[in-house]
There are 2 protein chains.
Amino acid sequence: MKKNKVISPFKPATHKHQECLTSAIKAAKAHCDISGLRLTPLRQRVLELVWQSHEPVKAYDVLDQLKQGHSSSAPPTVYRALDFLQEQGLVHKIESLNAYVGCGNPEEIHSGQFFICRDCGFVAELDDADISGLIEKKANRFGFKVDNKMVEINGHCQECRDSGK
Amino acid sequence: MKKNKVISPFKPATHKHQECLTSAIKAAKAHCDISGLRLTPLRQRVLELVWQSHEPVKAYDVLDQLKQGHSSSAPPTVYRALDFLQEQGLVHKIESLNAYVGCGNPEEIHSGQFFICRDCGFVAELDDADISGLIEKKANRFGFKVDNKMVEINGHCQECRDSGK
DNA sequence: TCTGTAATGTTATAATGTAACATTATTTGG
DNA sequence: CCAAATAATGTTACATTATAACATTACAGA
């Protein structure tokens with residue numbers, strides 16, 4: 001079953017982000033319910049902080065915000081929550097930035113393709129079977145068995161190009 | 001002009017690595033000569049250290065080795081040399097490992113596709129126009145202008161699979 | 001040879017991430 | 001329900017990765 005999904009598109013600055021956030025939290029709750037996992041208040045709070053925007057968020061920035069209202073937070077607090085969220089596909093790590101973005105599609109495990117705008121910082125995620133399949137195909141040619149694919153593309157999004165930044 | 005190059009393949013443990021190293025240094029010298037750049041002894045030494053194997057090498061490991069014979073080395077010594085080598089396409093950074101590998105093809109600027117074996121640590125590099133082109137094509141569909149592509153694939157190489165690791 | 005630039009030295013510190021063990025909360029079998 | 005086991009969080013300390021800022025030295029071109 002081939003799928004070419006746009007998991008999160010670039011969006012005008014005016015998009016109603018609150019909707020992204022609430023739907024992501026709702027999806028995360030559903031996902032954890034079904035899987036018998038605990039989306040504890042701490043984990044949910046970290047997820048909300050990652051979802052504050054479509055820009056990748058740094059662990060220590062999450063930590064700073066988490067401390068306001070949860071003063072016992074320390075680096076392991078954040079890294080553990082992020083690890084849990086990553087394992088569940090609720091957030092992805094952008095390796096080239098050491099930063100994290102929310103994923104709106106936790107239902108199926110995937111390693112998406114990320115398009116990062118150098119101007120506005122937005123990250124769009126695709127889960128594109130053509131890209132994925134081509135990488136697998138090329139790997140197969142030399143007997144390489146793929147586990148995990150990281151595709152992170154830097155550039156300039158349509159909106160920023162239009163507005164001449 | 002389409003090209004699908006294997007810049008560095010997986011190789012049996014018995015491959016003559018000295019040859020990789022000497023040819024990489026030779027290519028680097030030629031590249032710098034042509035470009036009017038200085039492959040200083042320090043930079044050359046760092047390049048040799050990165051090329052000691054086909055496994056990604058960490059900056060602080062380079063530093064430790066560099067200190068033996070060049071006691072004034074400090075972190076900036078290594079990072080500056082690595083930055084220079086990256087700009088010249090003589091090494092690539094593997095973002096998901098915070099580590100560096102040599103590139104045998106400095107002639108044309110490219111951002112390759114890296115296949116990293118989880119068992120033996122080897123990294124193979126392709127510069128595959130099909131993968132690259134497909135990513136560009138998908139990006140174009142939503143008006144994204146690509147600057148730089150990072151493709152890092154984890155998995156298991158043929159040799160390790162054969163030897164049942 | 002002078003002079004500007006590039007490269008390197010040096011010190012300090014920022015940013016990112018983990019180990020190890022203590023404590024608290026939750027689940028589960030009796 | 002209770003006790004034991006497990007999971008989650010707290011806490012301290014430290015390891016790893018990377019950069020800022022300024023001083024000094026080496027080199028290339030006029």
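Chain letters run A, B, ... following the sequence lines, proteins first, then strands; residues in each count from 1. Note that the coordinates shown come from a computational prediction; the quantities given were computed from them, not determined experimentally. When reading the values below, keep in mind they use all heavy atoms of this one structure, side chains included, and skip hydrogens, waters and symmetry mates.
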- Item | Short side-chain N/O contact to C:dA15 OP1/OP2 from A:N98, under 4.0 Å | no

- Query: Taking atom types as they are modelled, is there a donor-acceptor pair under 3.5 Å from the base of C:dG9 to the side chain of B:R80?
  - Reply: yes

- Item | D:dA18 phosphate, OP1 or OP2, under 4.0 Å from B:Y100 side-chain N/O | yes

- Query: Could you state the NE2-C1' distance from B:H70 to C:dA7, rounded to the nearest angstrom?
  - Reply: 11 Å

- Message: Once hydrogens and angles are ignored, does a donor-acceptor distance under 3.5 Å link the base of D:dA20 to the side chain of B:Y79?
- Response: no

- Selected nucleotide, minimal atom distance to A:S72 side chain, candidates C:dT8, D:dA18, D:dG10: D:dG10

- Query: To the nearest 10 degrees, what angle separates the axes at the start and end of the helix from C:dT1-D:dA30 to C:dG30-D:dC1, five pairs each?
  - Reply: 30°

Would you list the atom pairs, donor with acceptor, under 3.5 Å between side chains in residues 121-128 of chain B and any protein atom, with sequence neighbours excluded?
| unit_1 | atom_1 | unit_2 | atom_2 | d |
| --- | --- | --- | --- | --- |
| B:E125 | OE2 | B:H92 | NE2 | 3.0 |
| B:E125 | OE2 | B:H110 | NE2 | 2.8 |
| B:D127 | OD2 | B:K3 | NZ | 3.0 |
| B:D128 | OD1 | B:D130 | N | 2.8 |
| B:D128 | OD1 | B:I131 | N | 2.9 |
| B:D128 | OD2 | A:K138 | NZ | 3.0 |

- Task: Could you check A:F84 against A:P76 and say which one's nearest nucleotide on DNA chain D is further toward the 5' end?
- Result: A:F84

- Message: Under 4.0 Å from OP1 or OP2 of D:dA8: is there any side-chain N or O of A:R43 that close?
- Response: yes

- Task: Give a yes/no on whether any side-chain N or O of B:K67 is located under 4.0 angstrom from OP1 or OP2 of C:dG9.
- Result: no

- Message: Under 4.0 Å from OP1 or OP2 of D:dA18: is there any side-chain N or O of B:K58 that close?
- Response: no

- Give the rounded distance in Å between these two atoms: CG of A:L39 and P of D:dA7. 18 Å

- With under 30° as parallel and over 60° as perpendicular, where do the rings of A:F142 and A:F144 fit, or are they tilted in between? tilted

- Do you know which of B:L85, B:I7, B:V91 makes side chain to side chain contact (heavy atoms under 4.5 Å, CB included) with B:C103? B:I7

Would you tabulate the side-chain donor-acceptor contacts of residues 57-67 of chain B under 3.5 Å, counting partners in other chains and residues two or more places apart, or write 'none'?
| unit_1 | atom_1 | unit_2 | atom_2 | d |
| --- | --- | --- | --- | --- |
| B:K58 | NZ | B:L97 | O | 2.7 |
| B:Q65 | NE2 | B:Q52 | OE1 | 3.4 |

- Distance below 4.0 Å between A:T77 side-chain N/O and D:dT9 OP1 or OP2: no

- Query: Hey, is the side chain of A:T40 poking within less than 4.0 Å of OP1 or OP2 on D:dA8, counting only N and O atoms?
  - Reply: no

- Message: Please report whether the ring centroid of A:F115 lies less than 6.0 Å from that of A:F10.
- Response: no

